[in-house]
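Because the structure is predicted, anything quoted here is derived from the model rather than measured. By convention in this document, chain letters (A, B, ...) are assigned in the order of the sequence lines, proteins followed by strands, and residues within each chain are numbered from 1.
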Number of protein chains: 2
Amino acid sequence: MRAEPLDAETIVSATEEVLRRYGPEKATVLDVARMLGVSHGSVYRHFPSKVALREAVIRRWLDRVREDLAATAEDARLTPPDRLRRLLTAMFTAKWTKAREDPELFATFRVLAREHSTVSSAHVAHLLDQIRAIVADGIASGDFAPGDPAAIARGVLHATTRFHDPAHATAWHSPEVDADAENVVSLLFQGLRAR
Amino acid sequence: MRAEPLDAETIVSATEEVLRRYGPEKATVLDVARMLGVSHGSVYRHFPSKVALREAVIRRWLDRVREDLAATAEDARLTPPDRLRRLLTAMFTAKWTKAREDPELFATFRVLAREHSTVSSAHVAHLLDQIRAIVADGIASGDFAPGDPAAIARGVLHATTRFHDPAHATAWHSPEVDADAENVVSLLFQGLRAR
DNA sequence: GAGCTGACAGATTTCAATAATTGTCAGCCA
DNA sequence: TGGCTGACAATTATTGAAATCTGTCAGCTC
């Protein structure tokens with residue numbers, strides 16, 4: 001028996017650690033239980049399956065990313081174009097640094113995100129909505145040319161796929177990424193701007 | 001002995017057929033030789049290694065794509081913006097239809113292209129140059145706003161990554177791809193246009 | 001002798017046995 | 001009684017011996 005009662009949060013943290021250590025294909029529920037000094041049956045008391053456990057890990061991870069991004073984009077003192085630029089830049093650099101600093105862990109999350117596409121597409125939907133709101137603000141303020149904010153937001157996210165989609169993580173190691181991203185973003189902003 | 005002497009072109013064709021039938025991980029040099037009714041030693045007379053043979057397949061493949069694209073983009077009666085739009089659209093639909101009609105073969109191609117990145121990056125370089133030339137024309141004719149054609153070409157290709165990079169082939173099965181691509185392209189053209 | 005064959009060594013892949021993991025649940029114990 | 005354990009069936013992964021493949025080359029054949 002453990003000193004403190006086992007809870008979901010503790011299990012998720014242990015799972016994250018096990019995933020970091022062994023990688024997505026080697027990490028087992030038994031490993032998680034061992035790390036917690038508990039039998040694997042106890043883990044199944046809190047999570048119905050291995051899949052659900054992994055889903056919880058990725059959900060928490062994405063929630064944290066979302067919190068970080070929300071902070072950068074909600075500075076009301078900035079103009080909508082600046083806010084959008086900030087949001088995009090923050091999104092890119094957050095991913096790039098994670099992919100560069102801990103490629104193993106990043107690859108792990110990539111695998112998990114693929115397996116649990118529901119969770120990650122909810123994340124994308126949220127991101128899309130954030131962009132849409134800023135674009136709508138920008139159109140209202142006259143900074144951006146008129147148009148459908150939802151369609152524009154979708155276009156912006158799609159056009160920057162190369163810089164935020166983990167499928168392109170290998171390209172992020174090149175020193176040119178920075179300039180390439182800036183290049184695409186300014187091309188987009190040239191189109192967005194009111195004239 | 002075969003009726004006609006064995007040549008590289010015949011071997012490449014047979015390899016393509018074997019790849020189509022068995023997929024990239026199952027296809028062997030022995031299979032190619034069997035299909036040609038020849039010993040595998042004869043294949044090694046024309047190609048130094050299995051890798052070189054596969055490289056030849058992908059090179060021919062990409063050359064054919066390039067020929068097709070060149071035809072669409074070199075119509076001198078069209079304005080540069082129209083030519084660029086055509087080139088992009090042709091590039092997208094060529095890949096989409098291939099990925100949709102023969103997913104097995106496309107996946108094979110994808111694996112080979114990954115393994116032989118030199119060949120495919122040469123292809124990208126050529127594509128980039130084609131776009132650059134059209135952009136330069138467009139700037140000269142006053143259709144496009146002034147700027148560095150090479151940088152703009154790079155931006156255009158990067159911004160449309162999602163619609164031409166095989167990493168996103170699964171997304172191409174969605175019926176929205178068409179509208180999404182059109183959305184991004186028009187966003188880009190809005191920025192490119194002279195004002 | 002140009003073009004091809006097939007035996008060969010070393011590397012890689014397959015396959016079946018063996019082991020480990022996932023998920024369930026009756027019972028233990030604080 | 002709520003939380004945990006550990007034995008268990010079903011599934012999945014590991015392993016290593018056997019089979020196959022890659023690449024070379026001496027020699028055959030036309």
Side-chain angles (χ1 to χ4, degrees), chain A residues 1-59 104 107-108 110-112 114-116 118-119, chain B residues 1-59 104 107-108 110-112 114-116 118-119:
Chain A
M1 238 279 219
R2 286 161 48 78
E4 318 201 355
L6 196 60
D7 66 342
E9 194 66 16
T10 308
I11 296 176
V12 171
S13 294
T15 307
E16 205 173 305
E17 179 58 22
V18 167
L19 281 167
R20 182 195 303 273
R21 293 250 279 262
Y22 303 145
E25 37 276 322
K26 286 289 182 181
T28 71
V29 176
L30 231 46
D31 290 329
V32 174
R34 259 194 292 270
M35 161 150 290
L36 291 165
V38 121
S39 94
H40 75 286
S42 303
V43 173
Y44 280 97
R45 171 157 299 280
H46 294 88
F47 294 92
S49 69
K50 184 186 179 180
V51 164
L53 178 54
R54 293 187 158 203
E55 219 163 83
V57 171
I58 182 152
R59 184 170 287 121
E104 293 281 320
T108 298
R110 200 151 117 57
V111 171
L112 295 194
R114 274 200 157 274
E115 279 169 4
H116 311 289
T118 323
V119 179
Chain B
M1 238 285 220
R2 286 162 49 78
E4 318 200 354
L6 197 59
D7 67 342
E9 193 66 16
T10 309
I11 297 176
V12 170
S13 294
T15 307
E16 204 173 306
E17 179 57 23
V18 168
L19 282 166
R20 183 194 304 274
R21 292 250 279 262
Y22 302 144
E25 39 275 322
K26 288 287 182 183
T28 71
V29 176
L30 232 46
D31 290 329
V32 174
R34 261 194 292 269
M35 161 149 290
L36 291 165
V38 121
S39 96
H40 75 287
S42 302
V43 174
Y44 280 96
R45 170 157 299 279
H46 293 87
F47 293 92
S49 68
K50 184 185 178 180
V51 165
L53 178 55
R54 293 187 160 203
E55 219 163 83
V57 172
I58 182 158
R59 184 169 288 122
E104 293 281 320
T108 298
R110 201 151 115 56
V111 170
L112 295 194
R114 274 199 157 274
E115 279 169 5
H116 311 289
T118 322
V119 179

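- The distance between atom OH of A:Tyr22 and atom P of D:dT14, rounded to the nearest whole Å, is 14 Å.
- Considering CD1 of A:Ile11 and CG of A:Leu36, their distance stands at 6.5 Å, rounded to 0.5 Å.
- Following rounding to the nearest Å, B:His46 (NE2) and D:dT24 (C1') show an atom-to-atom distance of 17 Å.
- In the set C:dT21, D:dC4, C:dT5, the nucleotide with an atom closest to the side chain of A:Arg34 is C:dT21.
- Heavy-atom distances to DNA chain C give each of A:Leu30 and A:Gly41 a nearest nucleotide, and the one nearer the 5′ end belongs to A:Leu30.
- The line from CD of B:Glu17 to CG of B:Leu19 is 9.5 Å long, rounded to the nearest 0.5 Å.
- Nearest nucleotide to the B:Thr28 side chain, out of D:dT22, C:dG6, D:dG23: D:dT22.
- One can find a donor-acceptor pair under 3.5 Å joining the base of C:dG23 and the side-chain atoms of A:His40.
- Going from atom CG of A:Asp7 over to atom P of D:dG3 covers 12 Å, rounded to whole Å.
- With values rounded to the nearest 0.5 angstrom, B:His116 atom NE2 is found 6.5 Å from B:Arg54 atom CZ.
- Spacing between atom CG of B:Leu6 and atom C1' of C:dA2 amounts to 13 Å, rounded to whole angstrom units.
- Contact check, A:Lys50 against D:dT12: no side-chain N or O comes under 4.0 Å of OP1 or OP2.
- For B:Glu115, the CD atom is densely surrounded, since the number of other residues' heavy atoms within 6.0 Å is greater than 12.
- In this structure, B:Ser42 reaches the bases: a heavy-atom distance under 4.0 Å links it to at least one base atom across the strands shown.
- For B:Tyr44, taking side-chain heavy atoms from C-beta onward, the closest of the listed nucleotides C:dT5, D:dG23, D:dG6 is D:dG23.
- Residue B:Lys26 places no side-chain N or O under 4.0 Å from the OP1 or OP2 atom of C:dT13.
- Where A:Glu25 and A:Arg45 each meet DNA chain D at their nearest nucleotide, the meeting point lying more 5' is that of A:Arg45.
- If you take CZ of B:Arg54 and P of D:dC21, they are 13 Å apart, rounded to a whole angstrom.
- In this structure, the separation between NZ on B:Lys50 and OH on B:Tyr44 is 7.5 Å, given to the nearest 0.5 Å.
- Remark: C1' of D:dC4 and CG of A:Leu36 are 13 Å apart, rounded to the nearest angstrom.
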